[in-house]
K.L.:
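Submitted below is the structure of interest, expressed as structure tokens.
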Amino acid sequence: MSALEKSMHLGRLPSRPPLPGSGGSQSGAKMRMGPGRKRDFSPVPWSQYFESMEDVEVENETGKDTFRVYKSGSEGPVLLLLHGGGHSALSWAVFTAAIISRVQCRIVALDLRSHGETKVKNPEDLSAETMAKDVGNVVEAMYGDLPPPIMLIGHSMGGAIAVHTASSNLVPSLLGLCMIDVVEGTAMDALNSMQNFLRGRPKTFKSLENAIEWSVKSGQIRNLESARVSMVGQVKQCEGITSPEGSKSIVEGIIEEEEEDEEGSESISKRKKEDDMETKKDHPYTWRIELAKTEKYWDGWFRGLSNLFLSCPIPKLLLLAGVDRLDKDLTIGQMQGKFQMQVLPQCGHAVHEDAPDKVSLVLSDCKRTTVRITLDVTEDKSLSLSLHCLQQLLWSLCRCSSTSSPTSPWQLLMVAEAVATFLIRHRFAEPIGGFQCVFPGC
């Protein structure tokens with residue numbers, strides 16, 4: 001069972017008891033639970049993790065679209081971060097703090113169309129082609145004809161869009177590609193149960209704190225620190241509530257939609273005024289995007305993804321929460337040394353949120369030692385490619401000896417360590433503060 005499918009099933013189970021006392025990470029103090037203490041589910045502003053925010057205007061046939069980006073760093077390559085479906089750029093907040101402390105790089109986290117604070121003229125068009133063009137247009141709007149070296153990093157749907165962007169050559173200065181927990185075979189299988197998963201989620205929340213609490217207790221985001229900043233980008237205030245029982249239903253969890261009766265239209269109209277007053281007091285929140293309505297685009301996001309990923313002629317990294325459903329094409333490609341793969345066990349589907357430190361480490365370290373076959377190709381290209389394949393084979397052997405442990409606070413920044421490892425070994429960026437790569441040279 002894939003990490004995505006596990007997350008779907010876990011979302012239907014009762015919340016798990018909190019982990020025993022923990023420490024050893026920057027999030028440990030926030031996760032630690034003493035006798036009689038309650039966990040803090042209050043939202044945290046983006047400014048605690050990113051240095052700045054910008055709305056990038058892009059002109060197209062239908063007018064102007066505005067894309068929200070969050071930025072950090074002033075030197076080094078640009079890490080262009082693409083979030084998963086239903087999430088937002090804020091899902092990269094904790095990862096950003098971790099990777100910036102390890103390597104010299106610039107972060108640009110983008111709200112994709114219909115997500116977060118991005119505003120577009122045609123929000124219903126979520127095709128892979130359109131979203132890939134959005135990424136290219138944002139890069140052009142930000143950097144003009146001479147963009148800096150850019151590495152695309154995408155999670156789930158964002159990983160698929162990153163691959164489509166790379167394969168279409170929409171980012172001319174692309175130097176690397178990273179997919180996080182998205183595999184064509186697993187994704188296509190999971191689509192069959194996606195609608196059931198979406199129907200099982202609460203439709204509204206009585207507050208941001210309630211939404212954050214649900215995300216953690218349901219297992220959607222296992223890292224409380226990340227949930228406190230990430231969920232702000234996933235939900236919004238409801239425009240209207242039609243039932244005065246709404247608040248009670250929200251607290252209990254899943255809300256059943258009620259059908260309105262034409263005969264009772266007058267009484268319903270009368271209740272709406274009372275509901276408006278109740279709404280102002282409770283400030284209910286709902287999802288920013290109705291993912292169920294995007295189903296017609298799901299197949300286009302993931303079908304053929306493995307071959308597209310393998311065909312991109314740049315250093316590639318695949319980060320997974322498990323290898324139990326790695327499809328045939330990627331299995332063969334990994335054995336042939338066409339990309340690097342790192343497994344981060346005991347993480348949920350949102351790997352970069354659950355374990356940002358380890359992901360940062362992998363991406364940093366891989367930048368330092370891997371042969372750069374696209375930027376610094378030697379005169380003897382066959383030798384360069386052979387060294388690259390040999391290095392990939394050695395890495396595959398090293399990966400088999402990696403250990404696993406339960407999800408705990410020390411894993412909260414795993415993703416950042418994975419990314420930092422990749423960047424340093426590929427010599428895309430320089431380490432900061434004596435950072436040492438701890439993942440095997442693979």
Side-chain angles (χ1 to χ4, degrees), residues 7-8 10-19 22 25-34 37-50 70 83-98 109 111 115-117 155-156 197-198 200-238 241 246-255 281-289 291 347-356 407-409 411-413 415:
S7 297
M8 290 180 181
L10 285 173
R12 303 191 185 103
L13 298 176
S15 60
R16 294 170 294 179
L19 295 172
S22 56
S25 81
Q26 64 179 352
S27 304
K30 298 179 181 178
M31 294 291 291
R32 195 176 295 116
M33 291 286 292
R37 292 185 60 184
K38 294 184 178 180
R39 302 173 79 177
D40 185 2
F41 295 109
S42 61
V44 175
W46 63 265
S47 55
Q48 289 194 18
Y49 299 93
F50 296 99
Y70 299 88
H83 58 80
H87 291 249
S88 77
L90 297 180
S91 67
W92 298 98
V94 180
F95 166 81
T96 294
D111 277 346
H115 292 76
E117 297 292 343
H155 167 247
S156 194
F197 167 70
L198 294 175
R201 300 192 307 177
K203 293 178 176 61
T204 55
F205 303 93
K206 69 175 182 179
S207 64
L208 281 175
E209 289 81 358
N210 184 224
I212 294 168
E213 181 178 6
W214 174 84
S215 72
V216 174
K217 291 185 176 181
S218 68
Q220 175 178 298
I221 304 173
R222 300 183 183 183
N223 178 358
L224 175 58
E225 180 185 8
S226 185
R228 293 176 65 191
V229 62
S230 174
M231 283 301 292
V232 176
Q234 295 190 49
V235 297
K236 63 180 181 180
Q237 284 191 326
C238 297
I241 298 295
S247 299
K248 181 178 179 181
S249 300
I250 293 165
V251 175
E252 293 175 348
I254 302 174
I255 300 175
K281 294 180 181 179
D282 292 341
H283 300 292
Y285 287 80
T286 188
W287 302 103
R288 287 180 181 267
I289 178 174
L291 288 176
C347 292
H349 178 52
V351 180
H352 62 299
E353 293 198 69
D354 295 344
T407 302
S408 57
Q411 288 183 305
L412 297 178
L413 299 178
V415 178

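Quantities reported herein were computed from a predicted structural model and do not represent experimental measurements.
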K.L.:
Can you find a pair of side-chain heavy atoms, one from Gln48 and one from Val229, that are under 4.5 Å apart?
P.N.:
no
K.L.:
Working to the nearest 0.5 Å, report the span between CZ of Arg39 and CD of Glu209.
P.N.:
14.5 Å
K.L.:
If you measure from CG on Leu90 to CE on Met231, what distance do you get to the nearest 0.5 Å?
P.N.:
11.5 Å
K.L.:
Return the minimal non-hydrogen interatomic distance between Pro202 and Trp287, and the atom names on each side.
P.N.:
O-NE1, 2.8 Å
K.L.:
Which atoms form the tightest heavy-atom contact between Ser226 and Ile221, and what is the distance?
P.N.:
CB-CG2, 4.3 Å
K.L.:
Looking only at atom types and distance, does a side-chain atom of Asn210 sit under 3.5 Å from a main-chain N or O of Phe205, one as donor and one as acceptor?
P.N.:
no
K.L.:
When you compare the side chain of Arg288 with that of Asp111, does any pair of heavy atoms fall below 4.5 Å?
P.N.:
no
K.L.:
Just verifying a value: how many Å separate Asn223 CG and Arg228 CZ, rounded to the nearest 0.5 Å?
P.N.:
10.5 Å
K.L.:
Please state whether the rings of Phe50 and Trp46 are parallel, tilted or perpendicular, taking 30° and 60° as the class boundaries.
P.N.:
tilted
K.L.:
Looking only at non-hydrogen atoms, find the nearest pair between Ser91 and His87 and report the distance.
P.N.:
CB-ND1, 4.2 Å
K.L.:
Treating Ser88 as the side-chain partner and His115 as the backbone partner, does any N or O pair qualify as donor plus acceptor under 3.5 Å?
P.N.:
no
K.L.:
To check you understand the geometry: which heavy-atom pair defines the closest contact between Val216 and Leu224, and what is its length?
P.N.:
CG2-CD1, 3.9 Å
K.L.:
Measure across Ile212 and Phe41 and return the closest heavy-atom pair with its distance rounded to 0.1 Å.
P.N.:
CD1-O, 3.1 Å
K.L.:
Could you please spell out the steps behind the side-chain contact (heavy atoms from CB on, under 4.5 Å) verdict for His83 and Gln234?
P.N.:
CA-CA 11 Å; His83 58 80; Gln234 295 190 49; over 6 Å; no
K.L.:
Atom OG in Ser42, atom CD in Glu213: separation rounded to 0.5 Å?
P.N.:
12.0 Å
K.L.:
Just wondering, do Tyr49 and Val44 contact through their side chains at under 4.5 Å, heavy atoms?
P.N.:
yes
K.L.:
Show the nearest heavy-atom pair for residues Leu208 and Pro43, with the distance to one decimal.
P.N.:
CD1-CG, 4.0 Å
K.L.:
I'd like to check the side chain to side chain donor-acceptor pair (under 3.5 Å) partners of Thr96; sequence neighbours left out, ordered by chain and number.
P.N.:
none
